[in-house]
Amino acid sequence: MQLRGRFQRSFFEHGCLAAAPSLLGAYLVHRIGPGDERVGRIVEVEAYLGDGSDPSSHSHRGETRRNRAMFGPPGHLYVYRSYGIHICANVVCEAPGRGAALLLRAVEPLAGLAAMRAVRGLRPDAPDRELGNGPGKLCQALDIRLDDYGTSLLHGRLRLRPRQPGDPHPRVARSTRIGISKGRERPYRFFVADHPCVSHGRPS
DNA sequence: GAAATGATCGTCT
DNA sequence: GACGATCATTTCA
């Protein structure tokens with residue numbers, strides 16, 4: 001796998017369950033164009049395993065046209081359309097061929113809030129937490145599209161940036177996942193405890 | 001607040 | 001032909 005640096009290695013070499021908490025507090029940075037940079041701090045993720053044991057993972061039944069990116073290199077994006085309407089984004093983790101990924105469920109918006117509000121169709125006085133507190137909302141706010149399928153988060157316009165040395169260490173909480181019908185009992189949802197920008201879906 | 005509902009479409013069975 | 005890793009809105013308590 002073409003990962004460079006301690007950050008990327010620590011993220012993806014110990015399995016997606018181990019990587020999940022280290023994604024909390026990391027930054028998602030999208031340089032869309034001059035004067036349009038959108039940044040969010042990740043506050044909620046869900047792990048979907050790649051060993052075939054996780055019935056709600058899109059990789060569960062093996063590789064298909066749709067989930068091909070899940071089996072690709074770690075640090076790349078697996079994007080899909082949900083319910084025919086929304087877009088959801090995952091960070092591929094673990095080695096190629098495994099099919100493990102982390103679903104990005106919520107971010108705290110840090111930069112580009114005006115553009116996020118506009119594209120989300122929210123009123124100017126809508127609270128900041130409404131911008132990215134859900135997997136579909138997050139993609140809309142950060143302008144992640146199906147076109148970004150398979151692209152790398154380690155270089156390019158859209159990047160994952162590690163928690164910075166001065167950043168407070170997030171208090172990590174854990175629960176079952178949201179909105180799934182199989183594998184409900186698995187505690188694979190990780191989020192920052194008491195953070196206002198966490199999604200309000202109900203754990204299974 | 002919590003729960004129910006309809007919108008909408010690509011992918012896989 | 002059925003089914004979602006969702007969201008916004010409505011309805012009820």
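Every heavy atom of this structure was used, including side-chain atoms; hydrogens, water molecules and symmetry mates were not. Below, chain A is the first sequence line, B the second, and so on; all start at residue 1.
Distance, A:Leu104 CG to C:dT6 P: 13 Å, rounded to whole Å. Here C:dA5 presents its P atom at 15 Å from CZ of A:Arg186, a figure rounded to the nearest Å. Taking atom NE2 of residue A:His200 and atom P of nucleotide C:dA5, one finds them 19 Å apart after rounding to whole Å. When the C1' atom of B:dT11 is taken as reference, atom CG of A:Asn67 falls 10 Å away, rounded to whole Å. Taking atom CD on A:Glu63 and atom P on B:dC12, their separation rounds to 11 Å, with Å as the unit. The CZ atom of A:Arg129 sits 13 Å away from the P atom of C:dA8 (whole-angstrom rounding). Remark: P of C:dA5 and NE2 of A:His86 are 14 Å apart, rounded to the nearest angstrom. Atom-to-atom, CG of A:Leu146 to C1' of B:dT11 comes out at 13 Å; the value is rounded to the nearest Å.
Salt-bridge formation is detected for the pair A:Arg31/A:Glu37: a Lys NZ or Arg NE/NH1/NH2 atom is positioned less than 4.0 Å from an Asp or Glu carboxylate oxygen. Ion pairing between a basic and an acidic side chain is recognised when a charged N comes within 4.0 Å of a carboxylate O; A:Glu44 and A:Arg189 show such pairing. Between A:Lys182 and A:Asp54, none of the side-chain N atoms (NZ, or NE/NH1/NH2) sits under 4.0 Å from a carboxylate O, so this pair counts as no salt bridge.
OP1 or OP2 of C:dA5 has at least one side-chain nitrogen or oxygen of A:His58 nearer than 4.0 Å. OP1 or OP2 of C:dT6 sits under 4.0 Å from a side-chain N or O of A:Arg105. Regarding contacts with the backbone of B:dA3, a side-chain N or O of A:Arg202 is found under 4.0 angstrom from either OP1 or OP2.
Between A:Tyr83 and B:dA7, no base-stacking contact is recorded for ring centres under 5.5 Å apart and planes less than 30° from parallel.
The separation of C:dA13 from B:dT5, taken at their P atoms, amounts to 14 Å, rounded to a whole angstrom. Comparing the P positions of B:dT13 and C:dA5 gives a spacing of 14 Å, expressed to the nearest Å.
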* Begin with the C-alpha distance, continue with both residues' side-chain angles, and end with the deciding distance and a verdict on salt bridge (Lys or Arg N to Asp or Glu O under 4.0 Å) for A:Asp194 and A:Arg171. => CA-CA 9 Å; A:Asp194 301 319; A:Arg171 215 168 83 250; 2.9 Å; yes
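Ranking B:dC12, C:dA8, C:dA5 by closeness to the A:Lys137 side chain, first place goes to C:dA8. Closest approach to the A:Arg81 side chain among B:dC9, C:dC7, C:dA5 is made by B:dC9 (side chain taken as heavy atoms from C-beta onward).
Taking the six-membered ring for Trp and the full ring otherwise, A:Tyr80 and A:His58 have centroids separated by under 6.0 Å.
Nucleic acid contact for A:Ser56: base, since at least one base atom lies under 4.0 Å from a heavy atom of the residue. Residue contacts for A:Arg66: at a heavy-atom cut-off of 4.0 Å it reaches the sugar-phosphate backbone alone, with no base atom in range. Within 4.0 Å (heavy atoms only), A:Ile85 reaches at least one base atom of the nucleic acid.
Pairing for C:dA8 goes to B:dT5, judged as Watson-Crick or G-U wobble with the two contacts each under 3.5 Å.
Along DNA chain C, the nucleotide closest to A:Arg120 and the one closest to A:Lys182 are compared, and the more 5′ of them pairs with A:Lys182.
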